[in-house]
Amino acid sequence: MAMYSKKVMDHFMNPRNVGEMENPDGVGEVGNPKCGDIMRMYLKIEDNIIQDAKFMTFGCGAAIASSSMATELIKGKTLEDAWDVSNKAVADALEGLPSIKMHCSVLAEEAIHKAINDYRQKQNLSLWGEKEEEKPE
Amino acid sequence: MAMYSKKVMDHFMNPRNVGEMENPDGVGEVGNPKCGDIMRMYLKIEDNIIQDAKFMTFGCGAAIASSSMATELIKGKTLEDAWDVSNKAVADALEGLPSIKMHCSVLAEEAIHKAINDYRQKQNLSLWGEKEEEKPE
Amino acid sequence: MQNNEEGQKLVYMDHAATTYTDPEVVNAMVPYFTEYFGNPSSPYTIAKESEDAIEKAREKVANAINAKTDSVFFTSGGTESDNWAIKGVAFANKNKGNHIITTAIEHHAVLHPCEWLEKQGFDVTYLPVDKYGHVNVDDVRDAITDQTILITVMFANNEIGTIEPIKEIGKIARENGVYFHTDAVQAIGQVPVDVEDMNIDLLSLSGHKFYGPKGTGALYIKKGVKIDNFMHGGAQEKQRRAGTENVPGIVGLGEAIERVTSDIENHAKRMQALRDRLINGLLEIPKTHLCGHPTERLPNNVNIVFEYIEGESILLMLDSYSIAASTGSACTSASLEPSHVLVGCGLPHEIAHGSLRLSLGKENTEEDVDYVLSVVPNIIERLRSMSPMATK
Amino acid sequence: MQNNEEGQKLVYMDHAATTYTDPEVVNAMVPYFTEYFGNPSSPYTIAKESEDAIEKAREKVANAINAKTDSVFFTSGGTESDNWAIKGVAFANKNKGNHIITTAIEHHAVLHPCEWLEKQGFDVTYLPVDKYGHVNVDDVRDAITDQTILITVMFANNEIGTIEPIKEIGKIARENGVYFHTDAVQAIGQVPVDVEDMNIDLLSLSGHKFYGPKGTGALYIKKGVKIDNFMHGGAQEKQRRAGTENVPGIVGLGEAIERVTSDIENHAKRMQALRDRLINGLLEIPKTHLCGHPTERLPNNVNIVFEYIEGESILLMLDSYSIAASTGSACTSASLEPSHVLVGCGLPHEIAHGSLRLSLGKENTEEDVDYVLSVVPNIIERLRSMSPMATK
Ligand SMILES: Cc1ncc(COP(=O)(O)O)c(C=O)c1O
Ligand SMILES: Cc1ncc(COP(=O)(O)O)c(C=O)c1O
């Protein structure tokens, strides 16, 4: 069980971009308190580019680290590129997650998608669809 | 399993009265090679007194020690007293036997009885009957 | 005990998970690895040392629980003892009945054998517990049918520390001619255990919960109890438990149980003082609740839930302060379900995830407690400041 | 190793019963008792040491038998491995069939689980063996029915050392879609074992037979084999074998198996030379026979029967010369029956009682062998001189 990479521990102990955001342009919340994790992601978007991202997370070390890493990965990206940040990309950037914790990175991907679509909805843009899940190896 | 008293080991390693006897007055053989023990006991009897006793035994340490001790106990005794040497007396004289080895002392008692009755038969005397077995505690 | 990289002494408060093996226990074991290594079943001299050592250890275990020496059988741990007791009684008595009574908050080493037996045609009643984790004695009585062959109720719960009414349950079992097993894995060394006085027919214990070695345990089987073997094979343990005896382990188990039960009252008093200091300090943090019974609990058990946050992240932060503890959160279980014990006590899932168990041991001091109390509030605040639930 | 009271060095030739634990193995274990004592299931730092140590040991066991690492599960010994394999496969596959094939000369850790399963409604075929202890491969094939779910045949016999045709039996099992388990407790460290090449689905091993600690073992389970758990409880060993891991024991097992398999060819060659010197020397005594196969036998196994005398008394006399050995005589078994293995090979009871097993180990030397050869003839003569059978 003592299983996290140094990178995970770093992002857990010193999470980047944690906190509420005033007047976000998009918000996405995923997860379920019954299952022990909720992730809420806030985006500040200008010219189709993610200027700022913040998160609030209830969950385990992997959930917090995934939130932190995901916000880092999407900052400065276009919405299209941010949408393409996969759970695997988050996990890889964290130098891996234990297999029973991979769902935390999935939550992060879903939270990004939800926040982007929240923004698109507010802008009266069409919602983007989920791509096929990558099959686990 | 490493279980024998010093006395048993002494009578096993240095058995008393072992060997064949020329022209014995009584011989008793008990046991069964299939079960791993045979005890043969020889008596030299004069004036109703056991002048000499010898044994030959195929069996475990307890069987050999019981044979040795039994011959020691009956030497010099009247036939009546020898008959009364119980398996418990043999075991006690050996400072105890492990419970799964008590049957060896029973064999010794039976061998004495058989040898005495062999003598009595040869003398055309009535055979003595087995007394009730002492109940094991 | 170790210091971590920064030189902070490890404050280990997870004794309910496992203890270190007492160095003096290890010393007692070592000669049986290399010197007195004989197989106790052998008839030669060096094997006698092993055999004698096992019998001495058996006496020590028997003394610790007020049992007859020949009613104690060595196993590979608490799990094996539980499996043996439950499956062994079930299979041996299936002609008499197929019903087993247990509780919803047993250790998995009891629950999973019961569930497996259900697949083999047995019926199991899982009694509920109240919010403190107590099973109701009347519920036990009412659950008995003419098919009931076994009642198994743990002595003390491993997560919340609640001590069950063992003696009363044992009395009911005896009145109804039903065997009574108790998993006392957490109780040994914490509270007095007396199989005679408490009407216990079978009792499980595990060495590594009281400074003995891992992979050692024992099952007490009252004379006359009808029970199948579980480990079938050689003639060891009077033909009741096969397998070459783990001589060093058994020696360690005996040594450890003797030490831990020899001064149990004073030990318990000391633990209880530390426990209550911890509980009171932690309950000053807002939105925080004690799990388990406030007084009828193991003297070394603290279990607190913190609303809005999740247990594993508490543990990781504690670890960074060199504090070792445990949680009932799903995130540390392979099942991804929060602790069945906390849920069994009626805690909602989202709150059950925020549990923290601190289980004390003999090397813990008041300084350790104060150190923990100086660290936890900050951790809770930090995690709550990240939690969307705290601010909703 | 010890000297006895008279200063005679102990000549230990009962390695098939148990070995001492290698002092270097003990050294490897010790830190896991007191320092890295964490419960491997815990998420904090000190538990990581335990977890890593277990996975390293798992790799070593896997390497030793050419298995995938994740197919190795730690147990409390050979007996548990055998029980798990046999009962686990039986219960998991009872919808497919209820028939098990084994041999008459298996260890009790295989035979007694089979007999217990018969009481639960399973059918077991106990195949006979020839006078060398070999099971006939055609007999195995012929015994298979559409109900057969498991074949279990030992790799090498613990009493007579005969090595069974494992690869061929494995092939037959595979051709017929039946699982194949082998009890390799005596083979590990003596002969090369390769689960892939030998078509083995399940394999049992036990640490204390190769200088590892008692109370440790492993079961190899090929991926995909349908098998119930035996030890039900916590989520350890990927939820396949419950119970807090015996970390020091597992470390010792891994260390020992690595050492003993690293130079197996040379070790076997050396043992075989000593073995044959012993056998040839002993066979010079009249009315004496070799048990087991002359060449297809474990390199460290000597088993001789001496007519007219009984084994326990041979052992006691050997003990007085500081020689430790073993026998298949009834007098050293709790059952009061002579060895089922010797009887299974066709020896009459009265001769089976006179067996002597000498099993060699790495510390044995040519001097030891010559010492034994100098002592045994006198012992045999002395005992025969007391035997009514010898003179009849
Ligand atoms: C209450 C209880 N029962 C059984 C067990 C199982 O004991 P072990 O892991 O030693 O097999 C434990 C601990 O893990 C426990 O706390
Ligand atoms: C062939 C064989 N199988 C199984 C066992 C049982 O192993 P353990 O006693 O370590 O449980 C033994 C040894 O006792 C053995 O020789």
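Side chains included, hydrogens not; waters and symmetry mates left out as well; all remaining heavy atoms used. Letters A, B, ... mirror the listed sequences (proteins, then strands); counts begin at 1. Values in this document were obtained by computation on a predicted structure and should not be read as measured data.
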K.L.:
Between C:Thr19 and chain D, which part of the residue has a heavy atom less than 4.5 Å away: side chain, backbone, both or neither?
P.N.:
backbone
K.L.:
Consider only side-chain N and O atoms of D:Lys87 and D:Asn83, and report whether a donor and an acceptor are under 3.5 Å apart.
P.N.:
yes
K.L.:
Suppose we screen for side chain to side chain contact (heavy atoms under 4.5 Å, CB included). Which residues come up paired with D:Ser326, at least two apart in sequence or across chains?
P.N.:
D:Asp14, D:Arg357
K.L.:
Contact part of C:Glu115 toward chain D, heavy-atom cut-off under 4.5 Å: side chain, backbone, both or neither?
P.N.:
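Contact with chain D involves no heavy atom of C:Glu115 at all.
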K.L.:
Can you tell me which portion of D:Asp228 sits under 4.5 Å from chain C's heavy atoms? Options are side chain, backbone, both or neither.
P.N.:
side chain
K.L.:
Taking the inter-plane angle between the rings of D:Tyr12 and D:His15 on a 0 to 90° scale, is it parallel (under 30°), tilted (30 to 60°) or perpendicular (over 60°)?
P.N.:
perpendicular
K.L.:
C:Ser50: what forms a side chain to side chain contact (heavy atoms under 4.5 Å, CB included) with it, not counting sequence neighbours?
P.N.:
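Side chain to side chain contact (heavy atoms under 4.5 Å, CB included) check on C:Ser50 returns C:Pro40, C:Val247.
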K.L.:
Between D:Val110, D:Val30, D:Thr244, which residue shows the highest count of heavy-atom pairs closer than 4.5 Å to chain C?
P.N.:
D:Thr244
K.L.:
Which bit of C:Phe91 comes within less than 4.5 Å of chain D, counting heavy atoms only: side chain, backbone, both or neither?
P.N.:
side chain
K.L.:
Measure the shortest side-chain to side-chain distance between D:Gln236 and D:Ser41 over non-hydrogen atoms and say whether it is less than 4.5 angstrom.
P.N.:
yes
K.L.:
For C:Glu118, is the CD atom crowded, meaning more than 12 foreign heavy atoms sit under 6.0 Å from it?
P.N.:
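Check passes, neighbour count above 12.
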K.L.:
Given heavy-atom pairs under 4.5 angstrom as the criterion, report whether the side chain, backbone, both or neither of C:Lys238 touches chain D.
P.N.:
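Answer is neither: C:Lys238 stays 4.5 Å or more from chain D.
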K.L.:
Does any heavy atom of chain D fall under 4.5 Å from the side chain of C:Leu111, the backbone, both, or neither of them?
P.N.:
neither
K.L.:
Based on non-hydrogen pairs under 4.5 Å, which of C:His108, C:His232, C:Glu80, C:Lys214 is most in contact with chain D?
P.N.:
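Option with the top pair count is C:His232.
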K.L.:
Find out whether the Lys NZ or Arg CZ of D:Lys362 is both under 6.0 angstrom from the six-membered ring centre of D:Tyr211 and within 45° of the ring's axis.
P.N.:
yes
K.L.:
Any idea which of C:Pro113, C:Pro248, C:Gly249 has the most non-hydrogen atom pairs under 4.5 angstrom with chain D?
P.N.:
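The option with the most such pairs is C:Pro113.
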